[in-house]
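So the structure is just underneath, and the comments pick up after that.
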Amino acid sequence: MIDPELIRTEPAAVEANLGRRRRPEYLDLLRAVQRADAEWRALVRVADDLRRRRNELARQIAEARATGGPAPALADEAKALPERLREIEAGEAAARTARDAALRRLPNLLDESVPYGRDDSENVVVATWGTPGPARPDLRAHAELLERLGMADFDRAHRVSGAGFYYLFGDFVLLDLALQRFALDLLVERGFTPVAPPYLLRRAPYEGVTDLADFENVMYRVAEEDLYLIATSEHPLAALYGGEILEEEDLPIRLAGVSPCFRREIGGHGVDQKGIFRTHQFQKVEQFAYVPPEASPAMLEELRANAEEVFRRLGIPYRVVNVCTGDMGTVAAKKYDIEAWFPRQQAYREVVSCSNCTDYQARRLGIRLGKAGRPGKRVPHTLNSTAVATSRGLAVILEQYQEPDGTVTVPAVLRPYLGGKERLRPTGRRP
RNA sequence: GCUGAGGUAGCCUAGCCCGGCAAGGCGCCAGCCUUGAAAGCUGGUGGGGUUUCCCCACGGGAGUUCAAAUCUCCCCCUCAGCGCCA
């Protein structure tokens with residue numbers, strides 16, 4: 001949520017910033033916020049005056065009763081007042097509701113450094129690491145490779161759960177856990193606290209962390225319950241301190257969430273239709289940070305460096321893009337994507353998303369920064385970044401480390417987590 | 001799921017029966033005192049506004065009333081016991 005105070009004091013700057021998104025409905029929403037806010041503020045004054053008078057009269061009547069009988073003139077005025085106040089209060093509530101509804105639908109303000117662009121094709125490459133190999137037409141699609149290894153069953157998963165689900169078996173399950181544990185250990189080394197969060201959230205806190213469209217398109221809702229399956233552990237980690245006051249000396253807070261992620265909408269078909277690249281369910285190790293406002297740009301680079309380190313140690317070439325205006329979501333003010341090189345596809349594909357959400361989530365969640373019981377609260381900034389998602393992280397390993405004989409070399413950094421195993425081989429047995 | 005107890009400021013609590021300016025403690029901030037610190041003492045300690053002042057804030061909402069933390073109704077949440085259960 002954008003700071004309403006900023007909309008009052010710097011309307012032109014807010015309008016210019018929202019304008020960069022080239023979505024006229026946002027400017028309409030801004031005007032709706034301004035209109036409702038002005039109306040609300042005017043009515044608050046009228047209502048305050050009426051309440052002051054009501055309190056005066058109540059006091060006088062109480063005093064009069066203590067000494068003698070109530071003065072009739074006072075009683076008449078006192079009787080007439082509540083109805084008028086009720087009318088004003090109704091208008092005040094309506095204006096406030098209208099303002100807040102529009103305010104909550106406005107996206108975050110974009111950082112100055114976000115490049116202008118229409119869609120993801122205009123994201124700007126800011127770094128590359130490693131050298132993409134030559135085309136490898138011999139490589140198998142990762143889904144086919146897994147089936148041949150006897151380490152995944154997609155057809156049966158589709159039968160019992162639908163497209164987008166999968167069974168994994170044997171050493172590949174251990175590789176999944178190894179990849180998570182490797183990323184987690186890296187983060188612990190760098191001062192993060194591992195967190196196993198709840199996998200379902202209530203609607204109210206959930207509305208603080210994401211935008212309404214996600215409830216329609218992305219999240220699974222549990223029937224008969226006010227609960228939603230998390231789409232990423234970012235969500236419970238952001239909601240963790242909702243309504244609380246964080247103290248300066250506790251920041252920065254660095255959390256490493258480990259959880260499954262559930263998503264209804266998983267995008268396109270084609271080359272990825274079968275397999276573990278686009279799925280309704282996957283595991284993710286997520287970085288999350290709470291920082292004072294002035295520290296968020298540096299923290300964004302820190303999270304990005306951690307995510308890059310995961311892929312460097314895995315030996316997987318990648319590039320980093322600065323996501324452009326047309327590809328930005330609602331919540332982030334600035335976002336890097338890390339795109340890993342998939343040698344069979346001869347393409348960079350997104351494996352990490354690293355966002356500075358500034359004060360947008362924290363304000364919606366009612367998180368404040370300051371001393372409990374003292375005035376002068378600020379709103380902290382929140383940031384999040386994938387460390388590794390073990391759908392796509394595994395998929396890229398399967399392409400990068402695939403051998404001509406259909407086996408898969410285990411990346412050296414993962415071997416300690418697999419009892420030193422160097423290679424995934426076909427089991428030759430059911431499943 | 002059943003029964004009961006609760007939700008008051010950053011935290012803990014009183015007030016609720018019987019309606020009349022939300023009391024107290026802890027923590028925190030400042031001052032006094034002190035070589036320094038602690039203790040002690042004094043004052044302050046939420047949000048908003050047109051800032052000597054006013055309004056709001058007792059889980060949320062509606063109602064009764066001149067006046068609601070307090071009375072009535074609806075809803076939410078937490079805890080405990082029981083039930084069920086990996």
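Hydrogens, waters and symmetry mates are skipped; everything else that's a heavy atom, side chains included, is used. Bear in mind that the values here come from a model prediction, so they are computed numbers and not experimental data. Letters go in sequence order (proteins before strands), and every chain restarts at 1.
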Original post:
Is it true that the NZ or CZ of Arg156(A) lies under 6.0 Å from the centre of Tyr167(A)'s six-membered ring and within 45 degrees of the ring axis?
Top reply: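 No - Arg156(A) does not lie over the ring of Tyr167(A) by the 6.0 Å and 45° rule.
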
How many whole angstroms separate atom [atom1] of [X] from atom [atom2] of [N]?
X	N	atom1	atom2	result
Glu248(A)	C29(B)	CD	P	14 Å
Leu369(A)	G47(B)	CG	C1'	17 Å
Glu249(A)	C29(B)	CD	C1'	13 Å
Lys371(A)	G27(B)	NZ	P	13 Å
Glu56(A)	A67(B)	CD	P	15 Å
Trp40(A)	C55(B)	CH2	P	17 Å
Ile61(A)	C21(B)	CD1	P	14 Å
Arg368(A)	A9(B)	CZ	C1'	10 Å

Which atom pairs link the protein and nucleotides 83-86 of chain B when you take only N or O atoms and keep those under 3.5 Å?
none

Original post:
Would Arg86(A) and Glu83(A) pass as an ion pair if we require N to O under 4.0 Å?
Top reply: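 So Arg86(A) does not pair with Glu83(A) through a salt bridge.
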
Original post:
Can Glu39(A) and Arg35(A) be counted as an ion pair, charged N to O under 4.0 angstrom?
Top reply: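 No salt bridge links Glu39(A) with Arg35(A).
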
Whole-angstrom distance between [N] and [M], as gauged at atom [atom1]:
N	M	atom1	value
G49(B)	C66(B)	P	33 Å
A9(B)	G47(B)	P	14 Å
G61(B)	G15(B)	C1'	23 Å
C32(B)	A37(B)	P	11 Å
A57(B)	G48(B)	C1'	11 Å
C53(B)	G6(B)	P	40 Å
U13(B)	C71(B)	C1'	24 Å
G25(B)	A14(B)	C1'	10 Å

Treating [X] as the side-chain partner and [Y] as the backbone partner, does any N or O pair qualify as donor plus acceptor under 3.5 Å?
X	Y	answer
Arg264(A)	Glu216(A)	yes
Thr386(A)	Ser353(A)	yes
Arg51(A)	Leu85(A)	no
Arg263(A)	Ala231(A)	yes
Thr407(A)	Glu403(A)	no

**OP:** Side chain of Arg202(A) only, please: which of U78(B), G49(B), C54(B) is the nearest?
**Re:**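 Taking heavy atoms from C-beta onward, the closest nucleotide is U78(B).
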
Subject >> Out of C28(B), C66(B), G46(B), whichever nucleotide has its closest atom nearest the side chain of Ala78(A) >> reply: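 Selected nucleotide: C66(B).
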
Subject >> Arg104(A) atom CZ, over 12 foreign heavy atoms within 6.0 Å >> reply: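 Check passes, neighbour count above 12.
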
Between the protein and nucleotides 74-76 of chain B, which nitrogen or oxygen pairs come in under 3.5 angstrom?
none

**OP:** Using a cut-off of strictly less than 4.0 Å, decide whether Asn55(A) has a side-chain nitrogen or oxygen near OP1 or OP2 of C55(B).
**Re:**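 For C55(B), OP1 or OP2 has a side-chain N or O of Asn55(A) closer than 4.0 Å.
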
**OP:** Would you please confirm or rule out a distance under 4.0 Å between OP1 or OP2 of C55(B) and any side-chain N or O of Arg51(A)?
**Re:**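 No, because none of the side-chain N or O atoms of Arg51(A) sits under 4.0 Å from OP1 or OP2 of C55(B).
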
**OP:** Let me know which of Lys377(A), Arg368(A), Lys371(A) forms a salt bridge (charged side-chain N to carboxylate O under 4.0 Å, His left out) with Glu247(A).
**Re:**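 Answer after filtering Lys377(A), Arg368(A), Lys371(A): Lys371(A).
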
Subject >> First encountered from the 5' end of RNA chain B, between Asp48(A) and Ile245(A) >> reply: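 The 5'-side residue here is Ile245(A).
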
Original post:
For RNA chain B, whose closest nucleotide is more 5', that of Arg8(A) or that of Arg96(A)?
Top reply: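 The answer here is Arg8(A).
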
For residues 168-175 of chain A, which side-chain N or O atoms pair as donor and acceptor with protein atoms under 3.5 Å away, sequence neighbours left out?
{"unit_1": "Asp171(A)", "atom_1": "OD2", "unit_2": "Lys421(A)", "atom_2": "NZ", "d": "3.2"}

Original post:
With sugar-phosphate meaning primed atoms plus P, OP1 and OP2, does Arg54(A) contact a base, only sugar-phosphate, or nothing at under 4.0 Å between heavy atoms?
Top reply: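 Arg54(A): backbone/sugar contact only, no base atoms under 4.0 Å.
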
Original post:
Which part of the nucleic acid, if any, lies within reach of Arg53(A) when heavy atoms closer than 4.0 Å are counted: base, sugar-phosphate only, or nothing?
Top reply: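 Touches nothing.
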
**OP:** Evaluate the side-chain proximity of Ile367(A) to Val379(A): yes if any heavy-atom separation is below 4.5 Å, no if none is.
**Re:**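 Contact flag for Val379(A)/Ile367(A) side chains = no.
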
**OP:** Flag the pair Asp359(A) / Pro293(A) as yes when at least one side-chain heavy-atom distance between them is below 4.5 Å, and no otherwise.
**Re:**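 Side chain of Asp359(A) against side chain of Pro293(A), heavy atoms only: no contact under 4.5 Å found.
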
Original post:
Pick one: which of Tyr206(A), Tyr199(A), Phe215(A), Phe288(A) meets ring pair (Phe, Tyr, Trp, His ring centres under 6.0 Å) with His235(A)?
Top reply: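 Of the listed residues Tyr206(A), Tyr199(A), Phe215(A), Phe288(A), the ring pair (Phe, Tyr, Trp, His ring centres under 6.0 Å) partner of His235(A) is Tyr206(A).
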
**OP:** Could you check which residues of residues 79-94 of chain A get a heavy atom under 4.0 Å from RNA chain B? Sort them by number, please.
**Re:**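 Lys79(A), Pro82(A), Arg86(A), in order of number.
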
**OP:** Take Arg349(A) and Arg392(A) through the side-chain contact (heavy atoms from CB on, under 4.5 Å) test and state the conclusion after the steps.
**Re:** CA-CA 9 Å; Arg349(A) 310 292 302 271; Arg392(A) 296 188 175 183; over 6 Å; no

Kindly list each side-chain donor-acceptor pair under 3.5 angstrom involving residues 178-192 of chain A, sequence neighbours excluded, with atom names and distances?
{"unit_1": "Gln180(A)", "atom_1": "NE2", "unit_2": "Asp176(A)", "atom_2": "OD1", "d": "2.8"}
{"unit_1": "Arg181(A)", "atom_1": "NE", "unit_2": "Asp185(A)", "atom_2": "OD1", "d": "2.9"}
{"unit_1": "Asp185(A)", "atom_1": "OD2", "unit_2": "Tyr417(A)", "atom_2": "OH", "d": "2.7"}
{"unit_1": "Glu189(A)", "atom_1": "OE2", "unit_2": "Arg313(A)", "atom_2": "NH2", "d": "3.4"}
{"unit_1": "Arg190(A)", "atom_1": "NH1", "unit_2": "Asn306(A)", "atom_2": "OD1", "d": "2.8"}

Original post:
Can you list the stems that include RNA chain B, where a stem is three or more consecutive Watson-Crick or G-U pairs with distances under 3.5 Å?
Top reply: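 Stem segments, range with range: B:1-7 with B:76-82, B:10-12 with B:24-26, B:27-32 with B:40-45, B:46-49 with B:53-56, B:59-63 with B:71-75.
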
